Amino acid sequence: MLHTINKSPFENGTMLTCFRFLQPGDPVLFIEDGVYAVRSAGHYTSDIRDVLKTNPVYALLPDLDARGIDAVVEGVQSIDYDGFVELVEHHQVNSWL
Amino acid sequence: MSDANNNVRKIMHVMRHAPHGKIYTYEGLEMILIMAAYEQDLSVVFIGDGVFALKKGQETAGIGIKGFAKTFMALEGYDVEKLYADADSLAERGLTPDDLLVDVKVLDSYEIGALMNEQDVIIPH
Amino acid sequence: MNIGILLKEGPYNHQAADTAYKFAEAAIARGHRVDAIFLYNDGVLNVTRHMDPPQDDRHIASRWDELNKKHGVEVLACIAASKRRGINNDVIIEGGEITGLGTLTDIAIRTDRLVTFGD
């Protein structure tokens, strides 16, 4: 199951809620305002590092670029819309709106 | 994923918003009632503020919005019997199953996560 | 792969309509069929042909129209959600259609993936 998160963790609890339900190996993709979670500085970097121990984490590059985020937590993979589709080819999707 | 010879799909509706403040729960419920007629394997899970949708004693006359909490009680009549609530979400809000209008199965997040992974489709509301 | 999209948020107010469009474009470019885009909640507002953004901004309704005409993507607005919000056949784009939630159920059954975008 691919989990997408589109909310900044600084604004609401969606990301931390989603993390409680992750199964090991499930990919997590941050999109839209969700990408603020993976900036290499900030309060939630340790949560991202914890998830990275068991799950692959992706962030949508056009959303990072749009928000001026050029450094992400090590291990987080930047992908474009093509990469998003590729993840969907391999997984059903759970959008945490 | 569904068996190739089996057209019944596992569809989970995830309710994560409180009622009334936003329309998502109400229109989500409308969607569930229609889908129920299609004999798919439906389930509904209440997570986060979604559990407030099931709270007893909601009186909406004063806010001028039609109440719909009691419609959840009709789900059973539509054969939508797989209703789950997240244990932590209830505990965090000081709710117990007695505070809720309908019987739900209370599961922990690991169990709900495992159920999510069995689904063909997950629709968030 | 046959892909369905559920879009639950109106245009401009939220990025959901833009992400859904970019995703659909990328899916088509990768050789997939985007079967339908089903509009729900305020998402039904995506198909009003009366939207008139400034020249230098994207025209979201036209994007959906184009996806329909070029790639055969069905652009479907839920009738119950549409009626509530004043969306009807008089105001929708040519490539759009108003339909019931039963159609969404069919989409959920016949597609390999249903991907939801919203707030």
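From a predicted model like this one, the values you see are computed outputs, not experimental measurements. Just so it is clear: chains get the letters A, B, ... in the order the sequence lines come, proteins before strands, and each one is counted from 1. These values consider heavy atoms only, across backbone and side chains, with no hydrogens, waters or symmetry-generated copies.
More than 12 heavy-atom neighbours from other residues, nucleotides or ligands sit within 6.0 angstrom of CG on C/Asn88. B/Glu76 CD: 12 or fewer foreign heavy atoms inside a 6.0 Å radius. Annotation: C/Lys69, atom NZ; neighbour count of heavy atoms from other residues, nucleotides and ligands within 6.0 Å is above 12. Heavy atoms of other residues, nucleotides or ligands lying less than 6.0 angstrom from CG of C/Asn13 number 12 at most.
Nearest heavy atoms, B/Val121 versus C/Ala108: CG2-O, 3.8 Å.
Contact annotation for C/Leu6: only side-chain heavy atoms (C-beta onward) come within less than 4.5 Å of a heavy atom of chain B.
Annotation: residues 49-72 of chain B contacts chain C through no residue [non-hydrogen atoms, separation under 4.5 Å]. Chain C is approached within less than 4.5 Å, heavy atom to heavy atom, by B/Ile23, B/Tyr24, B/Tyr26, B/Glu27, B/Gly28, B/Glu30, B/Met31, B/Ile34, B/Met35, B/Tyr38, B/Gln40 from residues 17-47 of chain B, ordered by number.
Atoms CG and CD1, from C/Leu104 and B/Ile123 in turn, are 5.0 Å apart once rounded to the nearest 0.5 Å. With rounding to the nearest 0.5 Å, the separation of OG1 in C/Thr105 from CD1 in B/Ile11 is 6.5 Å.
Heavy-atom pairs under 4.5 Å with chain B were tallied for C/Leu114, C/Val115, C/Asn41; the largest tally goes to C/Asn41.
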